[in-house]
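What follows is one structure encoded as structure tokens, with my remarks underneath.
Computation of the quantities below employed the complete heavy-atom set of this structure, encompassing side-chain atoms and omitting hydrogens, waters and symmetry-equivalent molecules.
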Amino acid sequence: MIKFTINGKTREFSGDPTTPVLWYLRDELQLTGPKFGCGMAQCGACTVHIDGVAQRSCVLPISAVSGSKITTIEGLSEDGEHPVQQAWIEHKVPQCGYCQCGQMMQAASLLASNPTPSDEEIVQGMSGNICRCGTYPRIHKAIKSASKTMAAVQFFDPKSEGEQA
């Protein structure tokens with residue numbers, strides 16, 4: 001039995017341990033945010049967070065996530081209020097939308113590890129995610145915007161009663 005957490009809920013899997021995480025998420029849990037794109041971990045449409053780090057779920061065997069915390073776009077924010085999600089809306093990023101969940105998950109992971117990335121760091125951090133519609137300029141603007149929002153939220157955290165974070 002393989003045990004892990006998905007979007008805050010404990011799960012157990014007793015099937016074929018080589019099953020890609022993507023197929024378990026989509027077929028068993030009906031979490032359809034992560035998409036099948038290339039099946040070779042090269043396009044990024046299937047990106048999820050494994051213990052907070054963006055990873056491609058299409059080639060990741062479920063045995064590799066034993067004990068891990070998996071977050072899909074559905075679990076990034078219960079109400080869609082994550083700064084990355086809000087920036088995507090603000091900058092009208094999606095065109096066809098197919099790759100966007102993977103793009104947002106990659107961006108959220110990038111900003112978690114580097115809250116104020118330079119333009120070059122954004123390009124480098126997002127380079128493994130392909131958008132066939134070419135919305136890269138809007139994606140870039142949205143990441144910069146989310147970075148500013150996240151910096152403001154971290155500076156004033158109501159949980160810290162007004163102190164700097």
Side-chain angles (χ1 to χ4, degrees), residues 4-9 11 19-62 64-65 68-154:
F4 42 85
T5 303
I6 298 178
N7 297 337
K9 295 180 183 175
R11 301 288 182 170
T19 300
V21 170
L22 177 64
W23 298 126
Y24 177 71
L25 295 172
R26 291 183 61 80
D27 294 346
E28 299 296 322
L29 301 182
Q30 309 307 302
L31 295 171
T32 58
K35 304 287 190 271
F36 178 80
C38 66
M40 299 182 297
Q42 294 183 353
C43 74
C46 66
T47 303
V48 298
H49 293 176
I50 308 294
D51 295 325
V53 178
Q55 293 196 30
R56 308 300 190 249
S57 64
C58 69
V59 296
L60 186 65
I62 207 150
V65 298
S68 296
K69 292 182 181 178
I70 301 169
T71 305
T72 67
I73 190 72
E74 294 90 347
L76 192 60
S77 169
E78 285 186 27
D79 55 7
E81 293 293 323
H82 188 281
V84 169
Q85 292 169 310
Q86 289 300 300
W88 247 246
I89 294 167
E90 176 188 345
H91 293 278
K92 298 175 178 65
V93 173
Q95 190 163 318
C96 84
Y98 196 82
C99 70
Q100 295 306 309
C101 292
Q103 298 278 1
M104 285 187 274
M105 294 304 285
Q106 186 70 36
S109 180
L110 169 66
L111 293 174
S113 66
N114 183 357
T116 56
S118 67
D119 290 336
E120 184 177 313
E121 290 168 328
I122 291 172
V123 170
Q124 185 177 33
M126 297 299 293
S127 68
N129 288 71
I130 297 171
C131 175
R132 291 184 68 189
C133 299
T135 65
Y136 300 113
R138 293 192 305 244
I139 290 169
H140 193 96
K141 286 179 187 174
I143 292 170
K144 290 297 254 190
S145 178
S147 173
K148 290 176 186 171
T149 300
M150 291 172 80
V153 168
Q154 289 175 356

Taking the side chain as every heavy atom from C-beta outward, state whether Trp88 and Ile143 have any atom pair closer than 4.5 Å. yes
Just by modelled atom types, is the Thr72 backbone N or O under 3.5 Å from a matching donor or acceptor in the Asn7 side chain? yes
Return the minimal non-hydrogen interatomic distance between Ser145 and His91, and the atom names on each side. CB-NE2, 3.2 Å
Smallest separation among heavy atoms of Pro117 and Asn114, with atom names: CD-O, 3.1 Å
Does some side-chain heavy atom of Arg56 sit less than 4.5 Å from a side-chain heavy atom of Gln106? yes
Quick one, Pro115 and Met150 - any side-chain contact, counting heavy atoms below 4.5 Å? no
Sub-4.5 Å side-chain heavy-atom contact between Gln95 and Gln100: no
Taking distance alone, no hydrogens or angles, what donor-acceptor pairs closer than 3.5 Å link side-chain atoms of residues 29-46 to residues at least two apart or in another chain?
unit_1	atom_1	unit_2	atom_2	d
Gln30	NE2	Asp27	O	2.7
Lys35	NZ	Thr32	O	2.7
Lys35	NZ	Gly33	O	3.2

Here the pair of heavy atoms bringing Ala107 nearest to Val84 is CB-CG1, 4.2 Å
Rounded to the nearest 0.5 Å, the NE2 atom of His82 sits from the CG atom of Leu111 at a distance of 7.5 Å
Using a 3.5 Å distance criterion without hydrogens, assess whether the side chain of Gln86 forms a donor-acceptor pair with backbone atoms of Gly80. yes
CD1 on Ile122 to OG1 on Thr116, rounded to 0.5 Å: 9.5 Å
Looking at Gly102, is its backbone amide N or carbonyl O close enough to the side chain of Asn129 to form a donor-acceptor pair, meaning the two atoms are under 3.5 Å apart? yes
How many angstroms lie between atom CG of Leu76 and atom CE of Met105, to the nearest 0.5 angstrom? 5.0 Å
Has Asp51 got a side-chain atom pairing as donor or acceptor with Lys69's backbone, closer than 3.5 angstrom? yes
Hey, is CD on Glu81 packed in by over 12 heavy atoms from elsewhere, all under 6.0 Å? yes
If you apply the rule side-chain contact (heavy atoms from CB on, under 4.5 Å), what do you find for Val48 with Thr71, and how did you get there? CA-CA 6 Å; Val48 298; Thr71 305; over 6 Å; no
Ile6 vs Tyr24, test: side-chain contact (heavy atoms from CB on, under 4.5 Å). Steps then yes/no. CA-CA 11 Å; Ile6 298 178; Tyr24 177 71; 3.7 Å; yes
Report yes if the side chains of Cys96 and Arg132 come closer than 4.5 Å at any heavy-atom pair, otherwise no. no
Taking atom CH2 of Trp23 and atom OG of Ser57, what is their separation to the nearest 0.5 Å? 9.0 Å
Side chain Thr135, main chain Cys131, donor-acceptor under 3.5 Å: no
Does Glu28 reach the main-chain N or O of Leu25 with its side chain, forming a donor-acceptor pair under 3.5 Å? no
Applying side-chain contact (heavy atoms from CB on, under 4.5 Å), run through His49 and Gln55 and close with a yes or a no. CA-CA 6 Å; His49 293 176; Gln55 293 196 30; over 6 Å; no
Taking atom CD1 of Ile50 and atom CD1 of Ile70, what is their separation to the nearest 0.5 Å? 4.5 Å
side-chain contact (heavy atoms from CB on, under 4.5 Å) between Gln103 and Thr47, intermediate numbers included: CA-CA 8 Å; Gln103 298 278 1; Thr47 303; over 6 Å; no
Can a donor-acceptor pair be found, under 3.5 Å and without considering hydrogens, that links the side chain of Ser118 to the backbone of Glu121? yes
Got Lys9 and Thr5 here, is their nearest side-chain heavy-atom distance under 4.5 Å? no
Main-chain N/O of Phe4 paired with Ser68 side-chain donor or acceptor, under 3.5 Å: no
Quick one: CG on Leu110 to OG on Ser147, what's the gap to the nearest 0.5 Å? 8.5 Å
So, do Lys141 and Val93 sit near enough that their side-chain heavy atoms are less than 4.5 Å apart? no
Considering all heavy atoms of both residues, which atom of His140 and which atom of Asp119 are nearest to each other, and what is their separation? NE2-OD1, 3.0 Å
